[in-house]
Asker: 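This is the structure, below, for whatever I ask next.
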Number of protein chains: 2
Amino acid sequence: MAISESLVKKQLVRFQDELFDRGLRLTKQRESIFCMVLRSGDHLSAEDLHRKVRDENRSIGFATVYRTLRLLVDVNLVEVRQFGDGVQRYESAAGDHHDHMVCLDCRKVFEFENDEIERLQHQVAEGQGFEIARHRLDLYVRCRRANCPNIRKPL
Amino acid sequence: MAISESLVKKQLVRFQDELFDRGLRLTKQRESIFCMVLRSGDHLSAEDLHRKVRDENRSIGFATVYRTLRLLVDVNLVEVRQFGDGVQRYESAAGDHHDHMVCLDCRKVFEFENDEIERLQHQVAEGQGFEIARHRLDLYVRCRRANCPNIRKPL
DNA sequence: TTACATGCAAACTCTTTGCATATTA
DNA sequence: TAATATGCAAAGAGTTTGCATGTAA
């Protein structure tokens, strides 16, 4: 989901605070990477992010991208997704919880929320004496629409 | 889920048929690997399977395990699972559809079915003009029970 | 005897780590 | 200046592929 510029600023402040608490620093690279995640509003892989961030900062390395993403995940500002193609994708943790619908043809990712499904999940888990820490619900669909480019190899 | 011996036989026949249709052969290695998936009733990684199958056939190689699993997945006799630890796990496709509950402490995998959740998923997808090809619902839980060994590193 | 299957090792993809250098408080 | 951060390249983990050899119809 896309994010407002004021929320971008808020998130950056939170990142800075988390870093400060750990004796770490908000560098240009870290800011650039986190901003890219926030502004894109998409589900980007480390490679996607590296490519995009290099447009701003020519010499940024893969290792920095991965290290920054791990840092962001550790402080709960970013969440990791995996849609079954062996690549991790990253998304801002700001905003409401949602699940994902992935088009097997064009690989576009749509988000959705359904409180009733959430409620039933908790009911199922509690019925067996468990407490849900987190969950993942991915619907793999075929959009069958004219605007589906269907250009990438199917999942 | 564990599987009856009669179903194991039935599944092997289906495998043989699929192989025959493609001009391929049911070898000792392929039989051994598929039987292990069927009988274990667990969610095993390629490494798990390789280790177990080597007890029967000392010289079996990793490549054969991977190649056989891909073959089985291609003919819809086996399904792939990924619970977020970067390892693919394999499970017989025989038996009813079910979702998974994974304990973050002991990594034990429990299966469950909930028709109402399934129904709502289809409702969500159709509401947006999509048709579900498949889906994945994983609940990550903490069992908090005395019998949870909690010995492996958490996911 | 011809095609398919295997085992081994090498290659591959994605991600992490080691290390010397650069940067920041 | 002392600690953290970076970029590069090398290492890792999991999986796939190339190739010579083995095996089955």
Asker: Which whole-number value in Å describes the distance from B:Asn57 CG to C:dC8 P?
Answerer: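 Interatomic distance, CG of B:Asn57 to P of C:dC8: 11 Å.
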Asker: Round to the nearest Å and state the distance from A:His50 atom NE2 to C:dC14 atom P.
Answerer: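 Spelled out: NE2 on A:His50 to P on C:dC14 is 14 Å.
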Asker: Check the distance between C:dC4's P and B:Leu71's CG and give it to me in whole angstrom.
Answerer: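 Distance, rounded to whole Å: 13 Å.
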Asker: Tell me if the aromatic rings of B:Phe110 and B:His100 count as close, with their centers under 6.0 Å from one another.
Answerer: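 B:Phe110 vs B:His100: aromatic centres not under 6.0 Å.
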Asker: Please confirm whether the shortest side-chain N or O distance from B:Arg30 to OP1 or OP2 of C:dT6 is below 4.0 Å.
Answerer: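 Yes, B:Arg30 has a side-chain N/O under 4.0 Å of OP1/OP2 on C:dT6.
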Asker: Between A:Asp42 (side chain) and A:Leu44 (backbone), is there a donor-acceptor pair under 3.5 Å?
Answerer: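 No.
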Asker: Are side-chain N/O atoms of A:His97 and A:Glu79 paired as donor and acceptor at under 3.5 Å?
Answerer: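 The answer is no; no qualifying pair exists.
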Asker: Starting from C1' on C:dT24, measure out to CD on A:Glu31 and report it in whole angstrom.
Answerer: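 After rounding, the reported distance stands at 15 Å.
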Asker: Which whole-number value in Å describes the distance from A:Asp48 CG to C:dC14 P?
Answerer: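 Result: 11 Å.
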Asker: If you find the nucleotide of DNA chain C closest to B:Gly23 and the one closest to B:Arg54, which residue's nucleotide is nearer the 5' end?
Answerer: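 Nearer the 5' end of the strand: B:Gly23.
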Asker: Show, in sequence, the C-alpha distance, side-chain angles and deciding distance for A:Val141 and A:Leu104, and conclude whether the side-chain contact (heavy atoms from CB on, under 4.5 Å) test is met.
Answerer: CA-CA 6 Å; A:Val141 302; A:Leu104 291 170; over 6 Å; no
Asker: Please determine if a side-chain N or O atom of A:Gln29 lies less than 4.0 Å away from the OP1 or OP2 oxygen of C:dT23.
Answerer: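 False: A:Gln29 side-chain N/O out of range (4.0 Å or more) of C:dT23 OP1/OP2.
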Asker: Figure out the CG/P separation between A:Leu49 and C:dC14, and round it to whole Å.
Answerer: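 Rounded to the whole Å, the gap is 14 Å.
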Asker: In sequence, state the C-alpha distance, the side-chain angles, and the governing distance for A:Leu26 and A:Phe34, and then conclude on side-chain contact (heavy atoms from CB on, under 4.5 Å).
Answerer: CA-CA 10 Å; A:Leu26 181 58; A:Phe34 189 27; over 6 Å; no
Asker: Side chains of A:His135 and A:Asp99: do they bring a donor and an acceptor to under 3.5 Å?
Answerer: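 Distance-only check passes for A:His135 and A:Asp99.
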Asker: Summarise how protein sits on nucleotides 12-25 of chain D as a single string, 5' to 3': B when a protein heavy atom is under 4.0 Å from the base, S for sugar-phosphate-only contact, - for no contact.
Answerer: --SBBBB-----B-
Asker: Measure CZ/B:Phe34 against P/C:dA5 and give the value in whole Å, please.
Answerer: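 Taking atom P of C:dA5 as the reference, CZ of B:Phe34 is at 16 Å.
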Asker: Determine, using ring centers only, whether A:Phe112 and A:His98 are less than 6.0 Å apart.
Answerer: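 Between A:Phe112 and A:His98, which both carry aromatic rings, the centre distance is not below 6.0 Å.
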Asker: Figure out the CD1/C1' separation between A:Ile60 and D:dT6, and round it to whole Å.
Answerer: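 After rounding, the gap between these two atoms is 9 Å.
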